[in-house]
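Residue numbers start at 1 and run along the sequence shown. Numbering of ligands and ligand atoms starts at 1, following listing order.
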Amino acid sequence: MSDSATSLDALLARAVRARLALSEGDLTRLLNVEAPQELEALFAAAYALKLTCCGKGVAVRGLVEAGNICAKDCLYCGIRRSNAAVSRYSLAADEIVAAAEEAKAFGYASLVIQSGEIESEAHTCFIEEVLHRIAPLDLGVTLSLGEQTEETYARWRAAGATRYLLRIETSNPDLYARLHPASCSWERRVECLRALRRTGYQVGTGVMCGLPGQTVADLAADIRFYGALDVDMIGMGPYIPHPDTPLGKVAPDLSDEARLLLGLKMIAVTRLYLHDVNIAAATALQALAHDGRERGIKAGANVLMPNVTERKYRRNYRLYANKPCLDETAALCRGCLDRRLDAIGEHLLYNQRGDSPHYHGRASGQ
Ligand code: SAM
Ligand code: SF4
């Protein structure tokens with residue numbers, strides 16, 4: 001066995017022995033793995049750790065894309081405010097409740113409600129109303145509704161939401177500034193993550209992988225950032241250009257294949273560093289390869305979020321090119337996922353909320 005293989009084995013063994021055991025240099029070394037044998041060893045170690053920390057099976061959340069109206073203008077996002085080519089929609093409370101009921105009927109015990117960012121009293125009240133109406137379904141509810149005041153987070157928490165996903169997008173403030181208009185503040189996003197923690201949520205964050213100008217050292221720092229914030233959930237995936245955005249008009253630094261691989265390596269290395277957090281295999285993986293999400297699970301992810309939004313709205317929630325499953329119904333998505341997971345020796349965890357093991361450990365003081 002070569003020296004580099006030996007040292008990779010030693011690094012993986014150290015990572016598996018204890019949480020947060022890797023330096024930024026170690027994380028960079030793992031993210032730079034390219035040789036097929038080394039990649040195999042990296043993914044196998046991360047998947048084995050997923051089994052140890054989260055068990056067999058994949059937690060499932062029904063994803064509701066509640067609306068594409070957004071006050072922000074992130075330079076990479078297909079539903080950014082300035083994209084006049086998008087036909088805007090906002091689901092009525094009845095439609096969100098119907099999607100939640102369908103998710104429940106499928107045996108999805110958790111729901112994610114995601115949308116563009118709106119900060120207003122009317123919107124805060126609307127989400128409160130939705131949360132009150134779905135409370136009798138007894139679902140785990142994740143919100144992903146962007147930056148809000150701590151008071152708004154607290155009101156939604158009191159109305160029944162238990163988890164919140166707010167990606168930091170990149171932990172490098174300079175890179176963040178290049179991807180967002182000057183009105184967006186990286187510091188506010190971090191403050192929102194802290195406010196979510198104070199308010200008692202299971203907190204999730206994440207980044208896009210393969211952004212123009214992003215380095216492997218940036219990605220290693222992103223993983224350290226997750227650890228420093230002691231988050232419970234990770235939702236991250238490859239960056240995918242959207243042609244109607246300013247960033248999408250610039251050729252990406254990396255090919256689709258390279259960004260997919262980077263997304264998979266980020267899952268594996270994050271699992272090896274954080275151990276018992278929930279990590280989602282993002283839909284963006286599937287946009288780059290038909291089996292992208294399954295490969296995400298085999299790289300250490302333990303959560304999937306099949307879309308339960310009514311088919312007629314899906315085309316209008318296109319964050320990036322080649323969004324998959326535009327013409328599927330929620331029932332088709334479920335059958336497809338069952339088959340895909342079966343093929344890799346996994347299965348969806350029906351009728352289980354799938355809370356973050358890390359959150360429960362933290363809440364019980366372990
Ligand atoms: N508006 C909320 C927010 O920004 O936090 C939640 C919805 S937003 C559409 C969800 C995530 O989509 C963002 O955090 C971003 O990482 C991701 N996203 C947007 N454009 C993308 C792109 N072109 N490629 C990959 N992911 C993208
Ligand atoms: Fe709006 Fe979120 Fe897209 Fe930014 S990423 S433009 S906040 S929907």
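Metal site remark for atom 4 (Fe) of ligand 2: C74 contributes an N, O or S atom at a distance under 2.8 Å.
G116 counts as a contact of ligand 2, since one of its heavy atoms falls under 4.0 Å from the ligand. Heavy atoms of S115 approach ligand 1 to within less than 4.0 angstrom. By the 4.0 Å heavy-atom criterion, P238 is counted among the residues contacting ligand 1. Using a 4.0 Å heavy-atom cutoff, S144 is listed among the residues neighbouring ligand 1.
The residue E147 has no part lying near ligand 1, judged by heavy-atom distances below 4.0 Å. Residue-level proximity to ligand 1 for Y317 is carried by the side chain, the only part with a heavy atom below 4.0 angstrom. Looking at H242 against ligand 1, nothing comes within 4.0 Å, counting heavy atoms.
Looking at Y153, its side chain does come within 3.5 Å of a backbone N or O of Q148 through a donor-acceptor pair. The main-chain N or O of L288 is never found under 3.5 Å from a side-chain atom of N322 such that the two would form a donor-acceptor pair.
Contact check on K104 versus D138 returns no salt bridge, with no Lys/Arg side-chain nitrogen under 4.0 Å from an Asp/Glu carboxylate oxygen.
Looking only at atom types and distance, the side chain of S110 has a donor-acceptor partner in the side chain of R163 under 3.5 Å away. Defined by atom type and a distance below 3.5 Å, a donor-acceptor pair is missing between the side-chain atoms of N316 and N68. Checked by atom type, the side-chain pair N278/D232 shows no donor-acceptor distance below 3.5 Å. For the 3.5 Å distance criterion, the side chains of D230 and H358 qualify, holding a donor opposite an acceptor. Under 3.5 Å, the side chains of Y317 and Q114 contain a donor-acceptor pair of N or O atoms.
Atom 18 (N) of ligand 1 has M208 SD, 4.0 Å as its closest protein atom, hydrogens excluded (heavy atom only). Atom 16 (O) of ligand 1 has as its closest protein heavy atom E169 OE1, 2.6 Å. With respect to atom 3 (C) of ligand 1, the closest heavy atom belonging to the protein is R189 NH2, 3.7 Å. When hydrogens are left out, the protein atom nearest atom 17 (C) of ligand 1 is R167 NH1, 3.7 Å; that is the closest non-hydrogen contact. For atom 3 (Fe) of ligand 2, the closest non-hydrogen atom on the protein side is C77 SG, 2.4 Å. Among all non-hydrogen protein atoms, the one lying nearest atom 24 (N) of ligand 1 is I240 N, 3.1 Å. Considering only non-hydrogen protein atoms, atom 12 (O) of ligand 1 sits nearest to L319 CD1, 3.5 Å.
For ligand 2, the atoms lying closer than 4.0 Å to a non-hydrogen atom of I79 are 8 (S). Near R80, the atoms of ligand 2 lying under 4.0 angstrom from a non-hydrogen atom of the residue are 6 (S). Near C70, with a cut-off below 4.0 Å to any heavy atom, the atoms of ligand 2 are 1 (Fe), 6 (S), 7 (S), 8 (S).
Of the listed residues (K50, K298, R295), just one forms a salt bridge (Lys or Arg N to Asp or Glu O under 4.0 Å) with E346, and that residue is K50.
The shortest distance between side-chain heavy atoms of F106 and Y350 does not fall below 4.5 Å.
Distance check on atom 26 (N) of ligand 1: some protein heavy atom falls below the 4.0 Å cut-off.
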Inset, instruction - Might you work through the side-chain contact (heavy atoms from CB on, under 4.5 Å) test for L211 and E169, ending with a clear yes or no? - result: CA-CA 10 Å; L211 288 160; E169 315 297 1; 5.7 Å; no
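The aromatic rings of Y164 and W156 lie parallel to each other, with less than 30° between the two planes, well short of the 60° mark.
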